[in-house]
Amino acid sequence: METKYNPKQVEDRIYKGWEEGGYFRAAPNPDKKPFTIVIPPPNVTGQLHMGHALDETLQDILIRYHRMKGEEALWLPGTDHAGIATQIKVEEVLRTEDGKSRHDLGREKFLERVWEWKEKYGDRIINQLKKLGSSCDWDRERFTMDERYSKAVREVFVSLYEKGLIYRGNRIINWCPSCATALSDTEVDYSEQEGHFWHIKYPAKDSDEYVIVATTRPETMLGDTAVAVHPDDERYSHLVGKTLILPLVNREIPVIADEYVEKDFGTGAVKITPAHDPNDFEVGLRHNLEQVKVMNDDATINSFGGKYEGMDRYAARKQIIADLSELGLLVKIEEHTHNVGQCYRCGTTVEPITSKQWFVKMKPLAGPALEVVKNGRVKFVPERFSKIYTNWMENVHDWCVSRQLWWGHRIPAFYCEKCGYTAVSREDITACPKCGGAVRREEDVLDTWFSSALWPFATLGWPDKNEDYDYFYPTSVLVTGYDIIFFWVARMVFSGVEHTGKEPFHTVFIHGIVRDGQGRKMSKSLGNGIDPLEIIELYGADALRFTLATGNSPGNDMRFYTERVEASRNFANKIWNASRFVLLNLDDKVSGKLPEVLELEDKWILTKLNLLIREVTENLEKYELGIAVQKLYDFIWDEFCDWYIELSKPRLGKEGSPQNILVYVLSDILKLLHPFMPFITEEIYSYLPNNSRSIMIEKWPEFKKELDFPAEAGQTELIKSAIKAVRNLRAEMNVPPSKKARLVVVTDDTDTFTKGAPFFKKLAWASDVTVTVDRGEIPENALSLVVEGAEIFMPHGDLVDIEKEIARLRGEEARLIDEIKRVDTKLSNEGFVKKAPPAVVEQEREKGEKYREMLEKVRAGLKNLI
RNA sequence: GGAGGUAUAGCUCAGCUGGUUAGAGCGUUUGCUUGACGUGCAAAAGGUCGCAGGUUCGAAUCCUGCUACCUUCACCA
């Protein structure tokens, strides 16, 4: 073994070994409990980013832990076809490479290109997941456009249609002019923008009167079909029912009264454009207003816009303002900040417009989906996210699921050209079932999220009855970020409940997002993204995983910076070297089994290990992975390396060598650490004697009662703190390590300190240690040290500064006096003594006693010097 | 406007169901070739736990209010 751990020489080889060993595979096994996670499928053409790295790391930790616990652990991987994202990407390539648009190619040819693209790049993200060490069952890799998966999508669509939960209607939707498709409400991001509030005069017909309306989108006035005022607004009541002349267009529009209008906002009069605003749309329905759509799909003005036809929406806006101004109808312009919706894929400002689309009726689906969370069949970790979920689900609107794209699941609706009947069918049809006429298939495809909502069961073979589905579904845990709760989690829940009658998972483990060192979101436009693959290249996958797991508390964002990865890398190196030490000190008698006779320090480390096993396990069960990994770090570095290895040194190579204990403890440590750092633990484990198995299929360590030695552990702690005190004394007195010194330990507990004597030599630079009860043996001219249970004297030559020693002891004295005061205040508080648990009171008393004793000794020491 | 989060050492963050002398990593200072590790060892400095109340024998921890920052949903045209 080299002195430095080199992940590059290890990781790929080990991963290959796991794959060849078939350790990732899961299969229904009635003797075992299933544990299932379905991966949140990354975009098939995507690239691994830090968000994935975190998500996959957390999943792999859980999967590896449960696998070692003896459960049948299935981590089902796959990718998402990601409709808009992928289509945009391929269109871009088409444009730059061939200078063509998708329309130049036509639907079929274009889809061929997308599939080619998918074949070419689909593996990329999968291989990147492997780099992380992900223990997915690759034999079960799924893709949302697989034939089998598509069958599930179609089944769901048809069945919802048959139940009346899917309908086609002309309603207001969010339209992205750039992607040229409808979007659902969740696919629109709102951001505050500086805009204007234009006040425009609408003259009344046959009168000098007029109404001033205020708008942020003047171009939509071309489609106005009314002006609305509040019914109680006296300023306008005489105008209600009158007719206005819509400027520029010269259309006659009525003044209507509707409660939707707020009297105190703007001018109290609202122009109503039913075809271009969701609220106006509703008003229009209530008042039977005409819908005049004035825009084309690319957000240019259409023929209803008169002279503005062909202009882009913003050009039209400018021109309209200019024209109104010229006509003297522009009353005033106010600065106004308002929320503007943008397409979550391309950032283009979306345009609300009426359009004929397919919708999922949400109310009937939301009820049961709320119920499974309310009754705890689906639990969120942390709990608070169930509120966010519930709130969304309670206010959910119908879901627009049709997209004007080519890449995706084509909607299985067929329109009869003859009788107009719409057939929605599981099988493709060529003739109208009603009249036999020719049918034309719907051009639109489904929202990507419509298909990914089926992921937990469609990947397991649903709707076909089969063993996998029966065994692994419902899945156990879903691991994902909070940013995707509405998009995906909520939709999986109602889909699962509706189609399988079961919740798709029992637990939703939510994590935050990974931010850059300054706390900013990582983004392409900022260029502040950190490439996980680069980190792996530089520091190793284990270091990356460890960094992501450390300090990760559920639901909270984390900052990523390379200093932390370096710390993780150093930790890996530490383990590597501790293992080297253990391995270099083995002889041929090593068995890895614990010996009959255990020394004090052996019992101490075994007790600590027991505790560690319990804590790591408990925290993993609670999804507190950050705490679990922190405990491991502390134990390995502080307890095992800095203390136990040091304590073991004097006995090595002799009779009673602790080699088997070292191997035993190391072996358990590696197992506990394996879910977090799979590569290095596997590599080291392979060097340990007497095991030929992969660590990933070893049994998870368990708390062993017979290895719990609280008394001995306490004794060792006493020795440890005495050693620390001596080191501290020496450092303060500037005694260099090269200068060994004799120690006299005066104590009633000679047993403990006699056992500790060799360690003082080794770890506190003692030349010789005398342990005695006899105060007569206290040497002249000695520095004195008071620790719990003992006084330690260190004879000094002339080198030590007496003044300094007096000052040090005075400091000690003051500290102890403070402590005693604190304890006394507590104990003299009647309420405390009466009401606090007796154990706590007793503890406080003991503390007081201990401090008093120590104080006495410190004072005696002082007296000696003065 | 609704809902939620965060505020602890110079920086980044732990601190679970109230009782430790409030912790870690990084950074800083000092010393060290101590039988694996300088990606290391030893020692240390550094905190009125955002502010103000309250509950309690006891609050960084629970409750209320305030302030600051951040999410998110809904939007007033």
Side-chain angles (χ1 to χ4, degrees), chain A residues 1 3-5 185 190 197 213-217 220 228 260-262 264-273 277-280 283 336 338-339 382 384-385 387-388 390-392 395 482-483 485-486 512-513 517 519 539 550-553 555-561 563-564 566-585 618-619 622 624 626-627 630 633-634 638 641-642 645-646 649-650 652-653 724 727-732 734-738 762-765 815 818-819 822 826 829-837 839-841 843-844 847:
Chain A
M1 285 172 90
T3 57
K4 286 186 177 122
Y5 172 60
D185 295 343
Y190 290 89
F197 215 12
V213 298
T215 181
T216 54
R217 294 190 298 153
T220 61
Y260 148 72
V261 181
E262 282 193 33
D264 300 331
F265 189 82
T267 61
V270 189
K271 59 190 268 319
I272 299 296
T273 325
D277 181 278
N279 289 309
D280 294 5
V283 173
H336 185 67
H338 59 138
N339 263 339
R384 66 184 140 92
F385 288 102
K387 260 184 238 161
I388 293 175
T390 303
N391 185 49
W392 185 81
N395 298 297
Y482 58 67
D483 49 335
I485 292 177
F486 306 136
I513 55 176
Y539 302 96
T550 312
N552 180 275
S553 59
N556 291 343
D557 291 352
M558 65 187 308
R559 294 191 195 198
F560 191 95
Y561 48 111
E563 287 90 332
R564 287 196 34 216
E566 276 172 35
S568 303
R569 189 260 330 252
N570 295 352
F571 178 57
N573 195 240
K574 186 73 183 173
I575 300 160
W576 181 256
N577 276 291
S579 307
R580 267 185 69 217
F581 173 83
V582 172
L583 291 165
L584 288 172
N585 283 291
E618 279 174 2
N619 281 297
K622 285 194 290 189
E624 288 285 0
I627 295 179
Q630 188 64 48
Y633 181 93
D634 292 344
D638 299 340
C641 293
D642 288 349
I645 285 187
E646 294 306 326
K649 283 178 180 171
L652 280 170
K724 279 189 193 176
R727 285 170 176 171
N728 179 309
L729 173 73
R730 294 179 56 110
E732 256 179 77
N734 295 320
V735 185
S738 54
K762 181 93 201 152
L763 303 175
W765 306 283
R815 191 187 66 90
D818 272 358
E819 290 298 333
R822 201 182 45 78
K826 247 185 176 176
N829 181 341
E830 229 178 283
F832 175 72
V833 180
K834 253 198 261 172
K835 294 189 183 174
V840 175
V841 178
Q843 208 181 318
E844 228 34 56
K847 251 190 244 170

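What you see below is based on every heavy atom in this structure, not just the backbone, and it leaves out hydrogens, waters and symmetry mates. Not measured: the values here are computed from a predicted model. We name chains A, B, ... by the order of the sequence lines, and we start the count at 1 in each one.
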Between [options], which nucleotide gets closest to the side-chain atoms of [X]?
| X | options | result |
| --- | --- | --- |
| A:Glu819 | B:rU21, B:rA77, B:rG5 | B:rU21 |
| A:Tyr190 | B:rA77, B:rA74, B:rA14 | B:rA74 |
| A:Val261 | B:rU56, B:rG19, B:rA77 | B:rA77 |
| A:Ile645 | B:rA36, B:rU39, B:rA43 | B:rA36 |
| A:Arg580 | B:rC37, B:rA43, B:rA77 | B:rC37 |
| A:Glu262 | B:rG5, B:rC37, B:rA77 | B:rA77 |
| A:Phe832 | B:rG19, B:rU56, B:rA43 | B:rG19 |

Checklist outcome for this item: Dot-bracket for RNA chain B, 5' to 3', Watson-Crick and G-U pairs with both distances under 3.5 Å, [ ] for crossing pairs, | for partner on another strand, reads (((((((..((((.....[...)))).(((((.......))))).....(((((..]....))))))))))))....
For nucleotides 25-34 of chain B, which of its nitrogen or oxygen atoms have a protein nitrogen or oxygen under 3.5 Å away, and what is each distance?
none

Please report the distance, rounded to the nearest Å, between [atom1] in [X] and [atom2] in [N].
| X | N | atom1 | atom2 | result |
| --- | --- | --- | --- | --- |
| A:Asn556 | B:rA14 | CG | C1' | 11 Å |
| A:Glu624 | B:rC16 | CD | P | 10 Å |
| A:Glu566 | B:rU39 | CD | P | 10 Å |
| A:Asp557 | B:rU71 | CG | P | 9 Å |
| A:Ile513 | B:rC70 | CD1 | P | 14 Å |
| A:Trp576 | B:rC37 | CH2 | P | 14 Å |
| A:Asn391 | B:rA74 | CG | P | 9 Å |
| A:Tyr482 | B:rU6 | OH | P | 12 Å |

[Y] side chain reached by [X] side chain, heavy atoms, under 4.5 Å:
| X | Y | answer |
| --- | --- | --- |
| A:Tyr5 | A:Ile575 | no |
| A:Val270 | A:Glu262 | no |
| A:Asp277 | A:Arg217 | yes |
| A:Arg822 | A:Glu819 | yes |

Which atom names give the shortest non-hydrogen contact between [X] and [Y], and what distance separates them?
| X | Y | value |
| --- | --- | --- |
| A:Lys649 | A:Phe581 | CE-CE1, 3.6 Å |
| A:Thr267 | A:Val213 | OG1-CA, 3.7 Å |
| A:Ser579 | A:Met1 | CB-CE, 4.5 Å |

Item to check | A:Met558 and A:Arg564: CA distance, side-chain angles, deciding distance, side-chain contact (heavy atoms from CB on, under 4.5 Å) verdict | outcome: CA-CA 12 Å; A:Met558 65 187 308; A:Arg564 287 196 34 216; 3.8 Å; yes
Item to check | More than 12 heavy atoms from other groups under 6.0 Å of NZ on A:Lys724 | outcome: no
Using a heavy-atom cut-off of 4.0 Å across all strands, would you classify [X] as base, sugar-phosphate, or nothing?
| X | answer |
| --- | --- |
| A:Asp277 | nothing |
| A:Pro278 | nothing |
| A:Arg822 | sugar-phosphate |

Establish, with yes or no, whether the OP1 or OP2 oxygen of [N] is under 4.0 angstrom from a side-chain nitrogen or oxygen of [X].
| X | N | answer |
| --- | --- | --- |
| A:Asn577 | B:rU39 | no |
| A:Thr3 | B:rA36 | no |
| A:Lys387 | B:rG4 | yes |
| A:Lys4 | B:rA36 | no |
| A:Arg559 | B:rC13 | yes |
| A:Lys847 | B:rU21 | yes |

Nearest-Å distance once atom [atom1] is located in both [N] and [M]:
| N | M | atom1 | answer |
| --- | --- | --- | --- |
| B:rA60 | B:rC51 | P | 11 Å |
| B:rC11 | B:rU28 | P | 15 Å |
| B:rG10 | B:rG5 | C1' | 25 Å |
| B:rA45 | B:rC57 | P | 36 Å |
| B:rG50 | B:rG31 | C1' | 39 Å |
| B:rC73 | B:rC26 | P | 38 Å |
| B:rG53 | B:rG47 | P | 23 Å |
| B:rG40 | B:rU67 | P | 46 Å |

Next on the checklist: On RNA chain B, compare the nucleotides closest to A:Asn585 and A:Lys826; which residue's is nearer the 5' end?
Outcome noted: A:Lys826
Checklist outcome for this item: RNA chain B nearest-nucleotide lookup for A:Leu584 and A:Asp634: closer to the 5′ end is A:Asp634
Item to check | All salt bridge (charged side-chain N to carboxylate O under 4.0 Å, His left out) counterparts of A:Arg384, not counting sequence neighbours | outcome: none
Next on the checklist: Taking atom types as they are modelled, would you say the side chain of A:Lys574 forms a donor-acceptor pair with the base of B:rC37 within the 3.5 Å cutoff?
Outcome noted: yes
Checklist entry - Taking N and O atoms by type only, does the side chain of A:Lys622 place a donor or acceptor under 3.5 Å from a partner on the base of B:rC16? => result yes
Next on the checklist: Is the positively charged end of A:Lys574 above the ring of A:Tyr633, judged by distance under 6.0 angstrom from the centroid and angle within 45° of the axis?
Outcome noted: no
Checklist entry - For A:Glu566, which residues count as a side chain to side chain contact (heavy atoms under 4.5 Å, CB included) partner, sequence neighbours excluded? => result A:Tyr539, A:Arg569
Item to check | Pairing residues for A:Asp638 by the side chain to side chain contact (heavy atoms under 4.5 Å, CB included) criterion, not counting sequence neighbours | outcome: A:Asp634, A:Asp642
Give me the distances for all protein-to-nucleotides 46-49 of chain B N/O pairs that come in under 3.5 Å?
none

Checklist entry - Side chain of A:Asn556, backbone of A:Gly512: donor and acceptor closer than 3.5 Å? => result no
Next on the checklist: For A:Phe197 and A:His336, take the angle between the two ring planes, folded into 0 to 90°, and tell me which bin it lands in: parallel under 30, tilted 30 to 60, perpendicular over 60.
Outcome noted: parallel
